[in-house]
Amino acid sequence: MDDRVAALERQIFDFLGYQWAPILANFLHIMAVILGIFGTVQYRSRYLILYAAWLVLWVGWNAFIICFYLEVGQLSQDRDFIMTFNTSLHRSWWMENGPGCLVTPVLNSRLALEDHHVISVTGCLLDYPYIEALSSALQIFLALFGFVFACYVSKVFLEEEDSFDFIGGFDSYGYQAPQKTSHLQLQPLYTSG
C-alpha cells in the first residue's frame with residue numbers, strides 16, 4: 001500500500017465521520033505527496049526537502065491522533081471535540097461501522113440533544129479507537145519510509161547538480177583553466193568609409 005492510497009483511504013473515512021481536523025490535515029498531506037512526486041519526477045531536490053519536512057509534521061499529527069483515541073494523558077474523546085473543531089458531536093465513522101459492530105438506538109434517552117439520538121454499540125471485533133490508532137500507526141510507518149526516500153533522493157539530486165558539466169569541459173579529470181598571458185598585443189581596427 002503506498003502513501004497516496006493510504007491517505008486517500010483515510011480522507012474518505014474522515015469525511016464519512018465528519019472529522020474536520022483530520023480532513024484538513026489529510027488534504028495537506030495529499031498536496032505534499034503530490035509535491036514530493038513532482039520533485040522526484042522533475043529532479044527538484046527542494047521539493048523533496050519540503051516533502052521530508054512535511055513528513056516530520058505528519059508523524060507528529062499521527063502520534064497526536066493515536067494519543068487522542070487511546071486517551072493518553074488529559075485527552076478525552078467524551079470531552080474534547082478537537083477532530084470536529086467543536087462544530088458537531090460526530091465521532092469516528094468506525095464507531096458505528098466497525099467490523100462486527102451492532103448499533104442499537106436508545107429510545108427515550110435524556111442524554112439526547114435536539115435532532116440527535118443516542119446509540120449503543122456492542123459486539124465490535126475491534127473498537128474504533130484501536131482502528132483509528134492502527135490507521136495512524138500505518139501512516140507513521142509510511143511517512144518514515146517516505147522520509148528516508150526523500151532524503152536519499154534529494155541527496156542524489158544535489159550531488160548530481162554539483163557534478164553537472166555546464167560547458168562540456170568542467171569534468172573533474174584534467175580540466176585546466178585558461179592561462180592569462182602577461183603580454184597582450186592590441187592592434188588597431190581600420191574600417192573603410
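Start at 1 with the first residue, then count along the sequence. The figures here come from the full heavy-atom set of this structure, side chains too, leaving out hydrogens, waters and symmetry mates.
- Shown here are the ring-ring contact (aromatic ring centres under 6.0 Å, His included) partners of Y152, two or more places apart in sequence or in another chain: there are none.
- In the hydrophobic clustering of ILVMFWY residues, with side-chain heavy atoms under 4.5 Å counting as a link, I65 and L126 come out together.
- Transitive grouping of hydrophobic side chains (ILVMFWY, heavy atoms separated by less than 4.5 Å) keeps L24 and L35 in distinct clusters.
- Atom-to-atom distance recorded for F149:CZ and S154:OG is 9.5 Å, nearest 0.5 angstrom.
- The structure places CD1 of I37 at 12.5 Å from CD of Q42, a figure rounded to the nearest 0.5 Å.
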Residue pair I131, D127: steps toward the side chain to side chain contact (heavy atoms under 4.5 Å, CB included) verdict
CA-CA 7 Å; I131 294 173; D127 289 333; over 6 Å; no
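- Residue I49 comes nearest to L158 through the heavy atom pair CD1-CD1, 4.5 Å, listed as atom of the first residue, atom of the second, then distance.
- The two residues T40 and F157 make their nearest non-hydrogen contact at O-CZ, 3.7 Å.
- Under the 4.5 Å side-chain contact rule for hydrophobic residues, F64 and V72 share a cluster.
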Do L142 and L138 pass the side chain to side chain contact (heavy atoms under 4.5 Å, CB included) test, and can you show the C-alpha distance, the side-chain angles, and the key distance before you say yes or no?
CA-CA 6 Å; L142 293 172; L138 175 66; 4.1 Å; yes
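- Y47 and L57 are assigned to two separate hydrophobic clusters, defined by single-linkage of ILVMFWY side chains at heavy-atom distances under 4.5 Å.
- Residue L134 holds its CG atom at 12.0 Å from CD of Q139, rounded to the nearest 0.5 Å.
- The line from CH2 of W61 to CG of N26 is 8.5 Å long, rounded to the nearest 0.5 Å.
- Contact between S136 and I66 at its shortest, heavy atoms only, is CB-CG1, 3.5 Å.
- Other residues, nucleotides and ligands place no more than 12 heavy atoms under 6.0 Å from the CZ atom of F27.
- Scanning for side chain to side chain contact (heavy atoms under 4.5 Å, CB included) contacts around R46 gives an empty result, with sequence neighbours left out.
- When the side chains of ILVMFWY residues are joined at heavy-atom separations under 4.5 Å, either directly or via intervening members, F145 and F147 end up in two distinct hydrophobic clusters.
- You'll find the side chain of Y128 reaches within 4.5 Å of the side chain of Y69, heavy atoms only.
- To the nearest 0.5 Å, atoms CG (L28) and CE (M31) are separated by 8.5 Å.
- Residues L70 and P129 share a closest heavy-atom pair of CD2-O, 4.3 Å.
- Here the straight-line distance linking atom CD of E160 with atom OG of S45 works out to 10.0 Å at 0.5 Å rounding.
- Taking the centre of each ring, W54 and Y51 stay at or above the 6.0 Å mark.
- Nearest approach of L48 to G36, heavy atoms of both residues: CD2-O, 3.5 Å.
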